[in-house]
*Asks:* 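My questions will all concern the structure given below.
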Amino acid sequence: MKRVKEMVAEANEVVAHAPAAELLDLHGQKGVTFVDLRDPRELEREGMIPGAFHCPRGMLEFWIYPESPYAKPQFQTGDKFVFYCASGWRSALSARVAQEMGLENVMHITDGFGGWKGSGGPVGEKPQKKG
């Protein structure tokens with residue numbers, strides 16, 4: 001059985017990535033979308049990067065694929081996408097899948113949301129759903 005750490009290492013060989021401290025300046029830039037892949041309970045408990053788009057990991061492929069009935073317009077913008085999760089494992093695998101699906105300009109935060117907070121990155125509450 002292949003180990004998850006091996007899968008993450010393989011993803012990091014083909015996907016752009018950097019620690020949060022090196023990506024703080026991207027936050028708030030026009031044409032850059034941060035994508036939070038964590039579970040909704042994690043967002044409620046810990047908050048998220050302000051302005052990030054929440055895409056639960058289990059829906060990623062369906063939300064990226066433009067012909068899916070679940071496709072989200074956020075993935076059709078041509079923006080640079082910065083994926084993140086708690087520690088950088090889910091985001092590495094997700095960025096690789098997104099890249100393989102043809103989404104261009106994808107990268108991930110190697111030390112995840114924990115690294116973001118530890119680097120002094122802004123943290124906000126999970127936005128409430130409307131209606």
Side-chain angles (χ1 to χ4, degrees):
M1 180 177 284
K2 190 178 239 184
R3 296 187 170 150
V4 172
K5 285 187 177 182
E6 291 173 302
M7 294 171 67
V8 170
E10 289 172 1
N12 281 330
E13 289 178 14
V14 296
V15 173
H17 56 89
E22 294 178 20
L23 300 175
L24 293 173
D25 289 343
L26 288 178
H27 184 253
Q29 283 190 16
K30 184 176 174 72
V32 177
T33 299
F34 281 76
V35 179
D36 193 320
L37 299 157
R38 297 173 301 147
D39 182 275
R41 291 178 299 262
E42 292 174 279
L43 275 64
E44 290 169 11
R45 185 175 58 241
E46 300 171 31
M48 61 190 291
I49 296 174
F53 171 62
H54 178 231
C55 175
R57 175 59 191 99
M59 293 303 294
L60 181 67
E61 292 84 349
F62 305 103
W63 286 14
I64 288 174
Y65 186 59
E67 296 178 35
S68 164
Y70 305 104
K72 296 291 184 187
Q74 287 88 340
F75 287 116
Q76 312 309 316
T77 62
D79 279 3
K80 175 182 193 117
F81 295 97
V82 181
F83 287 13
Y84 71 94
C85 61
S87 63
W89 289 16
R90 287 174 285 182
S91 60
L93 300 177
S94 297
R96 181 177 187 169
V97 165
Q99 188 172 283
E100 289 172 350
M101 290 181 72
L103 197 64
E104 297 179 6
N105 216 359
V106 178
M107 66 179 311
H108 84 100
I109 301 175
T110 53
D111 52 354
F113 190 63
W116 182 264
K117 291 188 302 186
S119 298
V123 175
E125 290 186 16
K126 176 186 175 222
Q128 299 299 314
K129 289 193 174 188
K130 297 173 185 167

*Asks:* Looking at side-chain heavy atoms only, is the closest gap between Pro69 and Phe62 below 4.5 Å?
*Replies:*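 With C-beta onward as the side chain, the pair stays apart.
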*Asks:* Report whether Val35 and Val82 are members of the same hydrophobic cluster (ILVMFWY, side-chain heavy atoms less than 4.5 Å apart, transitive linking).
*Replies:* no
*Asks:* Would you indicate whether Glu104, at its atom CD, is surrounded by more than 12 heavy atoms from other residues, nucleotides or ligands within a distance under 6.0 Å?
*Replies:* no
*Asks:* Please, which pairs that meet side-chain hydrogen bond (donor to acceptor under 3.5 Å, both in side chains) have at least one residue in residues 80-97, sequence neighbours excluded?
*Replies:* Asp36-Tyr84, Glu42-Arg90, Arg57-Ser94, Ser91-His108, Arg96-Glu100
*Asks:* Rounded to the nearest 0.5 Å, what separates atom NZ in Lys72 from atom CG in Leu60?
*Replies:*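 If we round to the nearest 0.5 Å, Lys72:NZ and Leu60:CG are 12.5 Å apart.
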*Asks:* Would you kindly confirm whether Ile109 and Leu103 end up in one hydrophobic cluster when ILVMFWY residues are joined by side chain heavy atoms under 4.5 Å apart?
*Replies:* no
*Asks:* Can you name the closest pair of heavy atoms from Cys85 and Gly88 and give their distance?
*Replies:*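 Between these two residues, the closest heavy atoms are SG-N, 3.1 Å.
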*Asks:* Do Ser68 and Glu61 come close enough that some side-chain heavy atom pair is under 4.5 Å?
*Replies:*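 No, too far: nothing below the 4.5 Å cut-off.
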*Asks:* Counting only heavy atoms not in Met101, do more than 12 sit closer than 6.0 Å to its CE atom?
*Replies:* yes
*Asks:* In Å, rounded to the nearest 0.5 Å, how long is the span from CD of Glu125 to CE of Met48?
*Replies:*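 The CD atom of Glu125 sits 11.5 Å away from the CE atom of Met48.
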*Asks:* Could you name each residue pair satisfying side-chain hydrogen bond (donor to acceptor under 3.5 Å, both in side chains) that touches residues 14-34, not counting sequence neighbours?
*Replies:*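 Passing the test, one end in residues 14-34: Thr33-Asp79.
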*Asks:* Side-chain contact, heavy-atom cut-off 4.5 Å: Phe81 with Phe53?
*Replies:* no
*Asks:* Nearest 0.5 Å, what's the NE2-CZ distance between His54 and Phe34?
*Replies:*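 The distance works out to 16.0 Å.
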*Asks:* Give me the atom names and distance for the closest heavy-atom approach of Gly112 to Ala20.
*Replies:* O-CB, 4.4 Å
*Asks:* If you take all heavy atoms of Pro50 and Pro122, which pair is closest and at what distance?
*Replies:*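 So the two residues come closest at CD-O, 3.2 Å.
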*Asks:* Do Phe75 and Pro66 have side-chain heavy atoms sitting under 4.5 Å apart?
*Replies:* no
*Asks:* Could you give the distance from CD1 (Ile64) to CE (Met59), rounded to the nearest 0.5 Å?
*Replies:*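 The distance works out to 11.5 Å.
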*Asks:* Answer with yes or no whether the hydrophobic clustering places Val32 together with Met107; edges join I, L, V, M, F, W, Y residues whose side-chain heavy atoms lie under 4.5 Å apart.
*Replies:*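 Result: yes, single cluster for both.
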*Asks:* For Leu93 and Phe83: C-alpha separation, side-chain torsions, deciding distance, then whether side chain to side chain contact (heavy atoms under 4.5 Å, CB included) applies.
*Replies:* CA-CA 10 Å; Leu93 300 177; Phe83 287 13; over 6 Å; no
*Asks:* Could you go through the side chain to side chain contact (heavy atoms under 4.5 Å, CB included) check for Glu10 and Lys2 one step at a time?
*Replies:* CA-CA 11 Å; Glu10 289 172 1; Lys2 190 178 239 184; 2.8 Å; yes
*Asks:* For the residue pair Phe113 and Leu37, establish whether any side-chain heavy-atom pair is separated by less than 4.5 Å.
*Replies:*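 The answer is no, as the side chains (C-beta and beyond) never meet within the 4.5 Å cut-off.
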*Asks:* Is there a chain of hydrophobic side chains (I, L, V, M, F, W, Y, each step under 4.5 Å between heavy atoms) that links Val106 to Leu23?
*Replies:*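 No; tracing contacts between hydrophobic side chains, which count when under 4.5 Å, never links both residues.
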*Asks:* Do Asp111 and Trp116 come within less than 4.5 Å of each other through their side chains, counting heavy atoms only?
*Replies:*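 Counting from C-beta outward, Asp111 and Trp116 never come under 4.5 Å.
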*Asks:* Determine whether more than 12 heavy atoms belonging to other residues, nucleotides or ligands lie under 6.0 Å from atom CZ of Arg45.
*Replies:* yes
*Asks:* Quick check: does any side chain N or O of Gln99 sit under 3.5 Å from a backbone N or O of Val14, one acting as donor and the other as acceptor?
*Replies:* yes
